[in-house]
2 protein chains.
Amino acid sequence: MSPEKQQFYRHLQRAGLKRTGQRDLIVDIFLHTEDHLSSEDLYRIVKEQDASIGQTTIYRTLKLLVEAGLASEVRFGDGRSRYEPNNKFPHHDHLICTTCNRTIEFYSAESKALLDSIAASRGFHPTQQSIRIFGLCAACAGDSSHDSPPAINKRGVPDVIGVAK
Amino acid sequence: MSPEKQQFYRHLQRAGLKRTGQRDLIVDIFLHTEDHLSSEDLYRIVKEQDASIGQTTIYRTLKLLVEAGLASEVRFGDGRSRYEPNNKFPHHDHLICTTCNRTIEFYSAESKALLDSIAASRGFHPTQQSIRIFGLCAACAGDSSHDSPPAINKRGVPDVIGVAK
DNA sequence: GTAGGTGCAAATCCTTTGCAAGTGA
DNA sequence: TCACTTGCAAAGGATTTGCACCTAC
């Protein structure tokens with residue numbers, strides 16, 4: 001069993017909760033994505049494996065994953081929550097193209113340090129920081145030295161087009 | 001008439017829209033706040049001046065204000081949109097206390113420059129950047145060298161507790 | 001006169017909750 | 001056993017839309 005699933009079950013145990021087949025399946029699938037899945041996206045994928053699972057269980061399990069520290073909730077301005085597994089990259093931020101909805105992930109240690117020091121100077125104790133840059137990706141801005149805009153994918157899920165470390 | 005209202009009416013004109021008494025009132029009130037008002041907060045205040053105005057008009061006018069570049073939409077994780085006038089501070093970010101809901105505004109030219117260069121290196125053209133740091137303010141973290149946590153205010157609106165320039 | 005605006009009620013969309021029937025420890 | 005789970009349907013809460021009536025230009 002992966003260390004992430006172990007962490008998940010440790011969380012369940014500590015909280016007096018139970019291990020179930022549904023949670024097993026949902027967590028397995030979730031941990032193997034690195035998309036920014038919405039609850040409904042995940043629901044659709046999970047249903048392919050077990051058509052009897054309900055939306056509600058997806059919502060509840062995603063909440064557990066966040067509590068267990070295995071997932072982060074992100075919002076890109078389309079009015080729905082998306083989730084990303086924390087096991088891929090410990091923390092990263094997003095450039096969000098408001099035209100094609102693709103996202104570019106990046107991580108900047110300098111920004112993080114800068115923001116930490118700003119928080120510290122106000123006596124603030126951060127638990128989470130979120131940086132989002134909205135705008136046009138190179139393709140949508142018509143920059144011909146970059147890829148052309150992608151067709152919107154089947155699920156309407158933003159594709160990740162790159163990770164800048 | 002303030003330059004902001006002029007800008008608003010210029011936007012209406014360019015878009016072929018009309019000036020109305022309702023828009024006048026809503027814009028006047030909005031531009032004189034620096035709270036992070038939700039649509040409903042603004043609705044309550046506006047109704048004190050004109051009880052006949054409907055929620056819908058508030059929603060629609062806030063949207064116009066954003067389009068006109070006079071307001072920014074912000075979300076603090078409580079599932080509702082809040083708006084701040086752009087005439088006070090051109091741009092700023094937020095430390096958000098997840099216990100007492102107060103926010104501390106700050107502006108960091110260094111962060112902005114850093115993020116601009118990250119965006120540029122990906123060929124991304126930013127239109128808006130949003131930095132949010134969630135955590136505990138000094139008071140809620142029990143830091144006695146700072147103010148004690150505030151009573152939650154009447155409207156449940158996060159109070160601004162400071163602006164770091 | 002006419003395109004655009006307004007307020008109301010109804011509709012939407014995402015998410016949560018109540019509940020009766022299951023199920024893991 | 002029994003507290004925790006599940007799926008369904010209904011409820012919720014924020015925001016949007018349809019519509020008949022009004023109003024700025």
Side-chain angles (χ1 to χ4, degrees), chain A residues 5 8-27 29 36-44 46-47 49-68 71 73-83 101 155-158, chain B residues 5 8-27 29 36-44 46-47 49-68 71 73-83 101 155-158:
Chain A
K5 281 198 80 174
F8 183 67
Y9 290 120
R10 229 178 298 127
H11 173 74
L12 291 186
Q13 208 155 37
R14 252 179 296 152
L17 307 177
K18 289 167 183 168
R19 179 172 176 174
T20 69
Q22 291 93 327
R23 287 177 180 168
D24 255 357
L25 177 60
I26 295 168
V27 170
I29 291 176
H36 301 104
L37 294 182
S38 67
S39 181
E40 203 190 335
D41 296 331
L42 185 55
Y43 179 48
R44 271 189 282 236
V46 167
K47 265 206 308 196
Q49 310 271 324
D50 178 350
S52 72
I53 283 186
Q55 277 251 43
T56 314
T57 303
I58 307 285
Y59 275 107
R60 293 194 269 227
T61 306
L62 280 169
K63 202 172 257 186
L64 288 176
L65 281 162
V66 171
E67 285 172 21
E73 187 183 342
V74 287
R75 287 184 163 262
F76 293 153
D78 62 350
R80 86 194 62 200
S81 292
R82 298 182 177 284
Y83 297 84
N101 284 328
R155 297 199 309 281
V157 177
Chain B
K5 282 198 77 174
F8 182 67
Y9 289 121
R10 230 178 298 127
H11 172 75
L12 291 187
Q13 208 155 36
R14 252 179 295 154
L17 306 176
K18 288 169 185 169
R19 180 172 176 174
T20 68
Q22 290 93 327
R23 288 177 178 168
D24 255 356
L25 177 61
I26 295 168
V27 170
I29 290 176
H36 302 104
L37 296 181
S38 67
S39 181
E40 203 190 335
D41 296 331
L42 184 55
Y43 179 47
R44 270 191 282 237
V46 167
K47 265 207 308 196
Q49 309 272 324
D50 178 351
S52 72
I53 283 185
Q55 279 250 43
T56 313
T57 302
I58 307 285
Y59 276 108
R60 293 193 270 228
T61 305
L62 279 169
K63 202 172 258 185
L64 288 176
L65 280 162
V66 172
E67 284 173 21
E73 188 182 343
V74 287
R75 286 184 163 262
F76 293 152
D78 62 349
R80 86 194 64 199
S81 292
R82 297 182 178 284
Y83 297 84
N101 285 328
R155 294 201 310 281
V157 177

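Naming convention: chains lettered A, B, ... in sequence-line order (proteins, then strands); numbering from 1 in each chain. Just so we're clear, the structure is a prediction, and the values are computed from it rather than from any experiment.
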Counting primed atoms plus P, OP1 and OP2 as sugar-phosphate and everything else as base, spell out the protein contacts along nucleotides 12-25 of chain C at 4.0 Å heavy-atom distance: B, S or - for each nucleotide, 5' to 3'.
--SBBB------BS
State the CG-CG distance between B/Leu62 and B/Leu42, to the nearest 0.5 angstrom.
5.5 Å
Contact check, side chains of A/Arg14 and A/His11, non-hydrogen atoms, under 4.5 Å
yes
Can you list the steps and then say if A/Asp41 with A/Arg82 is a side chain to side chain contact (heavy atoms under 4.5 Å, CB included)?
CA-CA 9 Å; A/Asp41 296 331; A/Arg82 298 182 177 284; 3.3 Å; yes
For the pair made of [atom1] in [X] and [atom2] in [N], what is the distance, rounded to whole Å?
| X | N | atom1 | atom2 | result |
| --- | --- | --- | --- | --- |
| B/Leu64 | D/dT15 | CG | P | 16 Å |
| B/Arg23 | D/dC25 | CZ | P | 10 Å |
| A/Glu67 | D/dC4 | CD | P | 14 Å |

With the threshold set at 4.0 Å, does a side-chain nitrogen-carboxylate oxygen contact exist between B/Glu67 and B/Lys63?
no
Taking only residues two or more places apart in sequence or in another chain, which ones pass side-chain contact (heavy atoms from CB on, under 4.5 Å) with B/Arg23?
B/Phe8, B/Leu12, B/Leu17, B/Thr20, B/Thr61, B/Leu64
